[in-house]
> 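Starting off with a structure, shown below.
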Amino acid sequence: MPMGGLLPMFSSPPGGGLGSGLGGGSGGGSGGLGIRKVAGPGAFRLTEKFVLLLVFSAFITLCFGAIFFLPDSSKLLSGVFFHSNSALQPASDHKQGLGLGSINAGGKGEDGGEDERAAAAAAAAAAAADNLAKIREDHERALREAKETLQKLPEEIQRDILQEKEQVLQDKLLNQGNAGGLPHLDFRPPIGAIGREPSDPEIRQKRAKIKEMMKHAWDNYKLYAWGLNELKPISKKGHSSSLFGNIQGATIVDALDTLFIMEMKDEFKEAKEWIEKHLDFNVNAEISVFEVNIRFVGGLLSAYYLTGEEIFRRKAVELGEKLLPAFHTPSGIPWALLNLKSGIGRNWPWASGGSSILAEFGTLHLEFVHLSHLSGNPIFAEKVFGIRNVLNTLDKPQGLYPNYLNPSSGQWGQHHVSVGGLGDSFYEYLLKAWLMSDKTDLEAKKMYFAAVQAIETHLIRKSSGGLTYIAEWKGGLLEHKMGHLTCFAGGMFALGASCASPELTQHHIELGAEIARTCYESYNRTAVKLGPEAFRFDGGVEAIATRQSEKYYILRPEVVETYMYMWRLTHDPKYRKWAWEAVEALEKHCRVDGGYSGLRDVYLKRESYDDVQQSFFLAETLKYLYLLFSDDDLLPLEHWIFNTEAHLLPVLRKNNQEVEENHK
Ligand code: DMJ
């Protein structure tokens, strides 16, 4: 109770009332003394009266005394009741003492003692009342909670218990300052992180050219946008994307492993120093869980596996922990967006009925498995296997995975299916989860091949001109359009082919080759020889964008990514030829003084720049091109998995010995 509430109470009647009563007694005493003066032979009656008066006064005093002591008794009782639980002791005891002290200090003379007792008694009574109110409140809350629990389904109760446990675990981790407390790991030198110089002088020269492109992109970023997320190469300043909230340095983290494999040592060193000093995830901002995972977590993990530098492991795990609250949904399917400070998540407002997106929640698996591996904490892997469990309980329309899944109901949203935007890297991660597990994750393998079969049956078509394409599926109706993003699938089919059953191997390689050809055509049929964001196979056109809004090129990697896999798996020289055409087009149309810019319309000879140098240009496009003109000993595919941002994750061998033997 606040002091202001006590003071007025104590300045009014109880003390004053008692004081004046006793004073009256004194006055009466004076009167008594006056009676004694007149005592004499006829005074017996007077004495009687006096005795009677004394008895009466004693009675009155007793009555007042009783009234006075009652509160004290209640204080005593309250002491007995609350003794066993100090938490329930009147919290204001100490304050009451202070209050009384201040009254006494005000100087009440002899009556001060009485005032003090009275005040203490009243305060104790107030405290007891306070406690009773608290008990009532606790009791009501307990009843309310019990009622709510009774109304819940058993699964909901189970989920709440799990969430609570997990919160405790997370708090524990964070309190440990965890990243500092990571388990010791014996770092194994990476396999094939630096390749030989190609023996063919022409190839060597082309490879050197791609390295020079990387230098141009990096130097300009450093000059005009250092520490910011991306570069605006025309305006020559920094570019911020809301995808990263106010986390900074996307280009630095995304470029790390490309700098490393290109042996750009000084640049790698300055990138590492920036990360040590400035990379900060303690931001109060909403980020895209998917983008931050593939670029930042992926980039840091990759840098750790290439160098063994602890800073990268620490930062990756720290960020991974910050992403965990995204999984606090009824189904365990994570939110798309997360505020890193509050841990509050939500989905894109445009996504069907509040759904999470397949390509986003389905593209955490590789990084999260590695986070568990590097931190010794199983929570990361548990989360992504939880996603898979949800997917496996759901019926899939025609065996296809819709792009939208509601994290609250755990049910599909709109039945739209795409191997491009909104779906793409989910399929990629099924295949790569199997490969990264040293082919022990048979569930991932089964899901991947079943999904590809459904895609082949329902989405893959051949144009009248003989081009194989992957259409989009909208509740059973096909939209004959293929996105630039979908072009990654050629490489995926080829990579999967190398590990498929013998009867499928040839078929999947051919599928990869056909997709590669179609995507090449989408480039070749433009004015600048770089492909549009989406191209169509209807209305009399093939592999051409017909809508203005689909004619842009933003330095995306998917087409050269597919060339890289096709080259590695077939060594057909046409892939190097096509890749070189893309290099020449980039140099001619996207290179500017201040770096590299995307284009607004690939069908116009005169460039209209979008003025953004995307961080994935350094992470992916230039890396895949460099690998295309390197020997196969650089990052051998049997040892390394590329995450969807082309960051490197090693295969986790079931038997570590094997890694060493392979390394010898
Ligand atoms: C990259 O960030 C990743 O490749 C992602 O999977 C898709 N989009 C971009 C590049 O186009």
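Just follow the structure's listing: the first ligand is 1, and inside any ligand the first atom is 1. In this text, all values refer to a predicted model and were calculated from it rather than measured experimentally. Positions are given from 1, in the same order as the sequence printed here.
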> Check each atom of ligand 1 against the heavy atoms of Leu485 and keep those under 4.0 Å away; list them by number with element.
7 (C), 8 (N), 11 (O)

> Please work out which of the three classes, parallel, tilted or perpendicular, describes the rings of Phe327 and Phe368, given edges at 30° and 60°.
tilted

> Using ring centroids (six-membered ring only for Trp), state whether His216 and Tyr596 fall under 6.0 Å.
yes

> For atom 4 (O) of ligand 1, what is the closest protein heavy atom, and at what distance to 0.1 Å?
Thr644 O, 2.8 Å

> In terms of side-chain geometry, is the basic nitrogen of Arg591 or Glu212 positioned less than 4.0 Å from the acidic oxygen of its partner?
yes

> Classify the contact between Glu558 and ligand 1 as side chain, backbone, both or neither, using a heavy-atom distance cut-off of under 4.0 Å.
side chain

> Would a line drawn from the ring center of Phe290 to the ring center of Phe361 be shorter than 6.0 Å?
no

> Between His484 and ligand 1, which residue portion shows a heavy-atom distance shorter than 4.0 Å: side chain, backbone, both, or neither?
neither

> Between Arg314 and Glu318, is the closest basic N to carboxylate O distance under 4.0 Å?
no

> Heavy-atom distances under 4.0 Å are what count here, so tell me which part of Ile554 touches ligand 1: side chain, backbone, both or neither.
neither

> What is the nearest protein non-hydrogen atom to atom 2 (O) of ligand 1, stated with its residue, atom name and distance?
Glu645 OE1, 2.5 Å

> Would Arg295 count as a contact of ligand 1 if the rule is a heavy atom under 4.0 Å away?
yes

> Arg556 heavy atoms, cut-off 4.0 Å: which ligand 1 atoms fall inside?
8 (N), 9 (C), 10 (C), 11 (O)

> Looking at Arg536 and Glu550, is any side-chain nitrogen of the basic one under 4.0 Å from a carboxylate oxygen of the acidic one?
yes

> Could an N or O of ligand 1 be found under 3.5 Å from any N or O of Asp424, whether backbone or side chain?
no

> Does the structure place the NZ or CZ of Lys315 under 6.0 Å from the centre of the six-membered ring of Phe281, at an angle of no more than 45° from the ring's axis?
yes

